[in-house]
Every structure is written in C-alpha cells, then in structure tokens.
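Fair warning: this is a prediction, and the values are worked out from it, not measured in the lab.
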Amino acid sequence: MEKRAQELTARGSRNVKIRVIEGHFVTQHSHVTHCIDMTQVKSETHAALSAAKLFAGNFTDTPVDTIITLERTKMIGAFLANELESRGINLNTNIAVISPEVSDDKIILRDNLMPYVKNKRVLLLTATATTGLTLKSALEGIWYYGGTPVGAATVFGGSFGDKINMHGVTDVPVVRLFGDEAIGSYRSYLSTECPLCKTGARIDALINSYGYSKI
C-alpha cells in the first residue's frame with residue numbers, strides 16, 4: 001500500500017508535507033478514496049512549527065485565550081500558541097493549550113479544564129475534517145461548555161465550506177493547509193452510498209487519528 005504513496009507539500013512551506021495513498025479506506029464517518037498520512041507534521045518539530053506558522057498567519061487579528069487540540073495535534077498547538085503570542089492582537093498574551101477527552105465525537109471537559117473554556121475565546125485545532133461533522137460537533141462542545149469558538153484550523157479539510165454556522169448566530173471560519181482540491185480525485189462517501197463497496201472493491205485500511213491499520 002505504501003508504494004502508492006504520493007507526497008504533497010503545503011503552499012507556503014516546504015517543511016509541511018503529507019503522504020497520500022489512493023485506495024478504499026474507512027473512517028469513523030465515511031468511506032474515502034485516499035488515506036492522508038500526517039505522521040510527520042504531527043511528530044517532527046520542524047514540520048509542526050512550520051504548520052503552526054502557516055496557521056498563525058490566518059489568526060493574527062483573532063483574539064484567542066485557549067487552543068483546543070484534537071487528533072494528536074498538541075505539538076502544533078503549542079507552537080501555534082507561541083506564534084500568536086509573539087504577533088498580532090495576541091501579542092504578549094498567555095494562551096492555554098488543552099486536549100480534552102473525546103467520546104462519540106463529543107469533547108468532554110473535566111472540572112480542572114473548564115476554566116480554560118468557560119467565558120474564553122477558543123480556537124479549535126485538528127488534523128482532519130473530512131466531512132466537517134467532527135469539527136462541528138467539537139465547536140458545539142466549546143459552545144456547550146460556555147466558550148466562544150473563534151476559529152477552526154485543520155491540516156486537511158474536505159469541501160464543506162470555509163465557515164461553520166453555530167446555531168444560526170455566528171459563522172466560525174475554517175482554515176485548511178490542504179484541501180481536497182490538492183487531491184484531484186479525492187472523494188468521501190457515506191458508508192451506505194460508497195460506490196467502491198458497491199463494485200466489491202476491498203477495503204485497504206481503517207483510519208483514525210493515530211494512523212491507519214491495513215486489513
């Protein structure tokens with residue numbers, strides 16, 4: 001499977017790369033035509049710092065008190081907090097970076113983490129947002145715990161728009177480093193509507209935030 005991998009580089013930084021493998025893959029919410037391997041950007045300091053700098057350029061005018069990191073992106077989040085603290089409207093602020101528990105796509109805040117969200121302006125950071133469902137659920141969780149979601153950042157995002165509406169009150173901007181247009185033939189399907197399944201194509205691997213497991 002790895003022999004089919006193609007390396008893509010983010011616009012604006014040669015250090016931010018992902019590996020894309022074409023096939024038939026299963027995520028929590030959908031069947032997709034490509035596996036997006038982000039091991040490098042999640043695990044290596046140079047790649048994570050470069051990704052944080054790209055994200056920070058989109059939020060220099062956005063007041064941020066807390067960054068919530070999902071899908072093992074806490075190193076990127078720490079660098080992002082540092083970048084925001086060194087420029088723009090967040091200059092010399094003290095930004096918290098937290099990684100709450102997630103169950104059934106819902107974030108769970110223990111009492112000790114509540115002060116970092118309630119009445120705070122919160123930026124959400126995640127690795128993937130294929131359909132936008134997990135992203136929206138996390139943003140609703142921030143709202144539920146009394147925070148104000150001010151933005152969302154994802155390394156790879158599908159074609160669900162550049163904003164997510166919250167309860168008809170406000171639109172939360174979404175920033176991607178890679179969009180599905182970078183992978184011309186990328187498609188995401190509901191499991192019940194997957195044309196690959198209908199043609200009998202075997203599933204190559206299961207995908208989650210930790211990586212992929214071949215079947």
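Among all heavy-atom pairs drawn from Asn90 and Phe59, the shortest one is ND2-O, 4.0 Å. When all heavy atoms of Lys17 and Gln40 are compared, the closest pair comes out as CB-OE1, 3.5 Å. The shortest non-hydrogen separation linking Leu109 to Pro100 is CD2-CB, 3.6 Å. Taking both residues in full, the closest heavy atoms of Ser209 and Lys42 are given as O-NZ, 2.7 Å, listed atom of the first, atom of the second, then distance. Closest of all the heavy-atom pairs between Ile107 and Ala138 is CD1-O, 3.8 Å. Across all their heavy atoms, Ala127 and Thr73 have their closest contact at N-CG2, 3.7 Å.
Hydrophobic clustering of Ile, Leu, Val, Met, Phe, Trp and Tyr side chains at less than 4.5 Å, counting indirect connections, keeps Leu196 apart from Val26. Hydrophobic clustering (side-chain heavy atoms under 4.5 Å, transitive across Ile, Leu, Val, Met, Phe, Trp, Tyr) keeps Tyr212 apart from Ile203. Residues Met75 and Ile67 fall into different hydrophobic clusters, defined by Ile, Leu, Val, Met, Phe, Trp and Tyr side chains chained together at heavy-atom separations under 4.5 Å. Following chains of ILVMFWY side-chain contacts shorter than 4.5 Å, one cannot reach Leu49 starting from Ile18, and the two form parts of different hydrophobic clusters. The cluster map of Ile, Leu, Val, Met, Phe, Trp and Tyr, joined by side-chain heavy atoms under 4.5 Å apart, puts Val102 and Ile142 in the same cluster.
With a 6.0 Å radius and a threshold of 12 heavy atoms from other residues, nucleotides or ligands, Asp104 has its CG atom at or below the threshold. For Lys53, the NZ atom is loosely surrounded, since the number of other residues' heavy atoms within 6.0 Å does not exceed 12.
Note that CD of Glu71 is 9.5 Å distant from CG of Leu125, once rounded to the nearest 0.5 Å. Distance check: Ile183 CD1 to Glu22 CD gives 9.5 Å after rounding to the nearest 0.5 Å. With values rounded to the nearest 0.5 angstrom, Phe55 atom CZ is found 6.5 Å from Thr154 atom OG1. Interatomic distance, CD of Glu7 versus OG1 of Thr9, reported as 5.5 Å (0.5 Å rounding). Rounding to the nearest 0.5 Å places OG1 of Thr126 at 9.5 Å from CD1 of Ile76.
Side chains of Leu80 and Leu123 form a contact here, defined as non-hydrogen atoms less than 4.5 Å apart. Side chains of Leu124 and Leu139 form a contact here, defined as non-hydrogen atoms less than 4.5 Å apart. Residues His24 and Cys197 have side chains in contact (heavy-atom distance under 4.5 Å, counting atoms from C-beta outward). Here the side chains of Thr148 and Asp65 are not in contact, with every heavy-atom distance at 4.5 Å or above. Looking only at side-chain heavy atoms (C-beta outward), Val117 and Ile98 come within less than 4.5 Å of each other. At least one side-chain heavy atom of Ser188 sits under 4.5 Å from a side-chain heavy atom of Val32. Looking at Ile36 and Val20, their side chains come closer than 4.5 Å, going by heavy atoms from C-beta outward.
Scored by the side-chain contact (heavy atoms from CB on, under 4.5 Å) test, Leu190 finds Thr192, Glu193 as partners (sequence neighbours excluded). By the side-chain contact (heavy atoms from CB on, under 4.5 Å) test, Asp105 is found to be paired with Gln28, His29, Thr134, Ser137, residues two or more places apart in sequence or in another chain being considered. With sequence neighbours left out, the side-chain contact (heavy atoms from CB on, under 4.5 Å) criterion links Ser13 to Asn15, Val16, Ser50, Leu54. Partners of Ser191 by side-chain contact (heavy atoms from CB on, under 4.5 Å), not counting sequence neighbours, listed by chain and number: His31.
Pairs engaging residues 130-159 under the ring pair (Phe, Tyr, Trp, His ring centres under 6.0 Å) rule: Trp143-His167, Phe156-Tyr186 [sequence neighbours left out]. Legend: ring pair (Phe, Tyr, Trp, His ring centres under 6.0 Å) pairs involving residues 102-132, not counting sequence neighbours: none detected.
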Next item on the list: Quick one: do Ser99 and Arg72 satisfy side chain to side chain contact (heavy atoms under 4.5 Å, CB included)? Show the steps, please.
Entry: CA-CA 8 Å; Ser99 296; Arg72 297 172 53 244; over 6 Å; no

Checklist line | Working for side chain to side chain contact (heavy atoms under 4.5 Å, CB included), residues Leu177 and Met38 | finding: CA-CA 12 Å; Leu177 297 189; Met38 302 184 190; over 6 Å; no

Check: Step by step, would you call Thr27 with Thr128 a side chain to side chain contact (heavy atoms under 4.5 Å, CB included)?
Finding: CA-CA 11 Å; Thr27 72; Thr128 58; over 6 Å; no

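Salt-bridge annotation for Glu101 and Arg110: present, with a side-chain N of the basic residue lying under 4.0 Å from a carboxylate O of the acidic one.
Checking side-chain atoms of Arg121 against main-chain N and O of Val150 turns up no donor-acceptor pair under 3.5 Å. Within the 3.5 Å criterion, the main-chain N or O of Arg19 finds no donor-acceptor partner in the side chain of Asp37. The main-chain N or O of Ile95 is found under 3.5 Å from a side-chain atom of Glu85 such that the two form a donor-acceptor pair.
Both the sub-6.0 Å distance and the 45° axial angle are satisfied by Arg176 relative to the ring of Phe160.
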